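All of these numbers come straight from a predicted model, not from anything done at the bench. Labels below follow one simple rule: chain letters A, B, ... track the order of the sequence lines, proteins then strands, and each chain is numbered from 1.
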Amino acid sequence: MINAPRGTNDIHPPDTSYWQYIENKAHSVFNRYNYKEIRTPVFEYTELFQRGIGEATDIVEKEMYTFEDKGGRSITLRPEGTASVVRSFLENKIYGQPQPTKYYYLGPMFRYERPQAGRYRQFHQIGIEALGSNDPFLDAEVIAAGMNYVQELGLNNLKVLLNSIGCRECRPGYVEELKKYAAENKEKFCSDCKNRLKTNPLRILDCKVEQCSEALKEAPLILEALCDECEEHFRQVKTNLNRLEISYDLDPYLVRGLDYYTNTAFEVKYTGLGAQDTIFGGGRYNGLTEEIGRQSVPAIGFALGVERLLLTLKEQEIELPVETGLDVFIITIGEKARSRGFTLNQELRRAGVKSDMDYLDNSVGSQMKMADRQNAKYSFIIGGNELQKGVVTFRDMKSGEEEEIDIHNIVNKVQTYI
RNA sequence: GUGGGUGUAGCUCAGCCCGGUUAGAGCGCAAGAUUGUGGAUCUUGAGGCCGUGGGUUCAAGUCCCAUCACCCACCCCA
């Protein structure tokens with residue numbers, strides 16, 4: 001027996017209809033915000049992610065599915081969506097068109113990690129990216145679009161965490177301050193954080209170890225170290241969120257794992273999920289386009305984890321519209337009736353009626369049971385008697401009432417009922 | 001990559017500590033209960049390389065080792 005690779009999942013009915021619902025809702029909500037769908041390849045040259053995400057990040061260091069293709073090129077299955085979207089934006093010179101450019105995307109992403117609740121090796125993200133504007137109205141719009149999306153799906157009790165992590169003017173100075181503070185209080189931090197101090201100092205801010213949160217209480221805050229421009233930008237983002245009545249908690253310890261983020265950083269969490277509680281997260285990445293291309297294009301976006309969204313929907317016991325049952329199930333007795341039922345089935349379907357029949361040559365009782373299990377509104381019974389009279393027995397599955405109807409009129413008849 | 005838990009019927013699980021002959025339950029599935037009627041009940045039945053490989057033993061689902069997978073957590077992220 002060959003199993004699906006570790007960390008991958010098959011999605012079966014009825015779950016597939018949840019997925020379709022989630023995807024359809026994304027199309028409709030993001031279109032309303034005037035974001036257009038973009039589809040990029042599932043694999044890219046490895047260099048794109050190395051440059052875009054940052055060499056020092058865990059994603060690039062140890063989580064990428066990288067392989068050499070037959071032409072000797074290093075290829076990587078995309079671990080996230082933003083780098084590809086930016087690459088495509090630059091490669092196709094979309095910056096030459098009227099700005100901003102507003103995209104959304106959805107699809108599978110790949111990271112080589114140990115699977116756990118809400119985290120898989122092949123997982124799915126839905127994201128939006130708005131490129132070509134640094135307008136703080138846009139920061140708020142992006143967050144609003146995401147919140148609107150999950151709210152329309154029925155989610156409650158979500159928390160927006162907000163921070164600004166500055167720009168390349170003010171952040172380096174802050175990082176130095178932070179390093180200095182941490183060096184002076186080194187013994188108060190956990191061993192991981194002692195390492196982070198060298199590799200990625202900002203990350204000590206969101207360490208979940210209690211002693212570290214203690215140790216950080218006296219630490220300098222980035223919100224107090226922002227340059228005038230960043231501070232003003234952040235102030236306006238907050239004002240705009242207030243205007244949209246989106247409540248948020250300032251979290252000065254919220255940082256983002258990927259190098260390209262600047263200014264606004266946000267995460268939306270649901271606390272009932274266990275360790276993987278971030279439903280979506282994102283921020284501004286004004287530095288990314290220059291890493292990948294030559295142009296400097298400001299941009300902001302977020303990515304949402306579909307599997308986590310589904311877990312939350314189930315956790316909150318939100319009913320998603322499941323595929324409805326059959327209109328008609330055809331029950332036949334005998335070979336002749338079966339053949340007639342088979343052609344009638346096709347007639348029904350061509351007339352827009354959702355119908356099915358038995359393919360196991362089961363007993364009438366079993367066929368009736370099948371009709372019941374399939375949630376059929378009506379069953380059509382065709383046996384020797386019906387064939388002789390040229391009728392079908394039309395049974396209302398709810399009331400149990402039956403009437404005989406001319407087999408030539410049955411399609412029209414049932415259309416008026418559904 | 002690290003730690004803990006779990007792999008027995010289609011599904012959920014019991015049996016394992018304290019080895020012993022044909023491996024169980026519930027649900028689901030199938031057939032039937034005056035021969036052409038579902039959603040209730042009852043009867044009967046089908047369905048298991050007990051994750052895989054090795055070892056200990058007269059004997060292994062049960063004990064030991066390895067391996068794989070899943071779950072949870074750490075790391076990190078969506």
**Q** Can you name the side-chain hydrogen bond (donor to acceptor under 3.5 Å, both in side chains) partners of A/S164, sequence neighbours left out?
**A**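 With sequence neighbours excluded, A/S164 shows a side-chain hydrogen bond (donor to acceptor under 3.5 Å, both in side chains) to no residue whatsoever.
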**Q** Anything under 3.5 Å between a protein N or O and an N or O of nucleotides 30-34 of chain B, put it in a table, one pair a line.
**A**
residue : atom : partner : partner atom : Å
B/rA31  : OP1  : A/N362  : OD1          : 3.3
B/rA31  : OP1  : A/S366  : OG           : 3.2
B/rA31  : OP2  : A/S366  : OG           : 2.4

**Q** Which residue pairs satisfy the salt bridge (Lys or Arg N to Asp or Glu O under 4.0 Å) criterion with at least one member in residues 130-145 of chain A, sequence neighbours excluded?
**A**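 Listed once each, the pairs are A/K102-A/E141, A/D139-A/R284.
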**Q** If you restrict it to nitrogen or oxygen atoms, what contacts under 3.5 Å exist between nucleotides 4-11 of chain B and the protein, and what is each distance?
**A**
none

**Q** Can I get a per-line list of side-chain donor-acceptor pairs under 3.5 Å for residues 304-314 of chain A, giving both atom names and the distance, sequence neighbours left out?
**A**
residue : atom : partner : partner atom : Å
A/E307  : OE1  : A/H124  : N            : 2.9
A/E307  : OE2  : A/H124  : N            : 3.4
A/E307  : OE2  : A/H124  : ND1          : 2.8
A/R308  : NE   : A/G118  : O            : 2.8
A/R308  : NH1  : A/T278  : O            : 3.2
A/R308  : NH2  : A/G118  : O            : 3.4
A/R308  : NH2  : A/Q276  : OE1          : 3.1
A/T312  : OG1  : A/R308  : O            : 2.7

**Q** Between the protein and nucleotides 51-53 of chain B, list every N/O to N/O distance that falls short of 3.5 Å.
**A**
none

**Q** Can you pull out the residues from residues 337-347 of chain A that lie within a 4.0 Å heavy-atom distance of RNA chain B?
**A**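 Of all residues in residues 337-347 of chain A, none places a heavy atom under 4.0 Å from RNA chain B.
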**Q** Expressed in angstrom and rounded to an integer, what is the separation of A/D356 atom CG from B/rG38 atom P?
**A**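 After rounding, the reported distance stands at 20 Å.
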**Q** For residues 410-418 of chain A, which side-chain N or O atoms pair as donor and acceptor with protein atoms under 3.5 Å away, sequence neighbours left out?
**A**
residue : atom : partner : partner atom : Å
A/Q415  : NE2  : A/A351  : O            : 2.8
A/T416  : OG1  : A/K413  : O            : 2.6

**Q** Taking side-chain hydrogen bond (donor to acceptor under 3.5 Å, both in side chains) as the definition, give me every residue that meets it alongside A/Q116, ordered by chain and number, with sequence neighbours left out.
**A**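 Here the qualifying residues are A/R119.
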**Q** Using heavy atoms and a sub-4.0 Å distance, could you list which residues of residues 116-132 of chain A are near RNA chain B? By number, please.
**A**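 The answer is A/Q116, A/A117, A/G118, A/R119, A/Y120, A/F123, A/Q125.
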**Q** Does anything in residues 376-386 of chain A pair up under salt bridge (Lys or Arg N to Asp or Glu O under 4.0 Å), and if so which pairs, sequence neighbours excluded?
**A**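 Checked against salt bridge (Lys or Arg N to Asp or Glu O under 4.0 Å) - neighbours excluded - the pairs reaching residues 376-386 of chain A are A/D327-A/K377.
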**Q** Considering residues, nucleotides and ligands other than A/K25, do more than 12 of their heavy atoms fall under 6.0 Å from its NZ?
**A**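 More than 12 heavy atoms, drawn from other residues, nucleotides or ligands, come within 6.0 Å of this atom.
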**Q** With sequence neighbours excluded, tell me which residues meet salt bridge (Lys or Arg N to Asp or Glu O under 4.0 Å) with A/D69.
**A**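 Applying salt bridge (Lys or Arg N to Asp or Glu O under 4.0 Å) to A/D69 gives A/R73.
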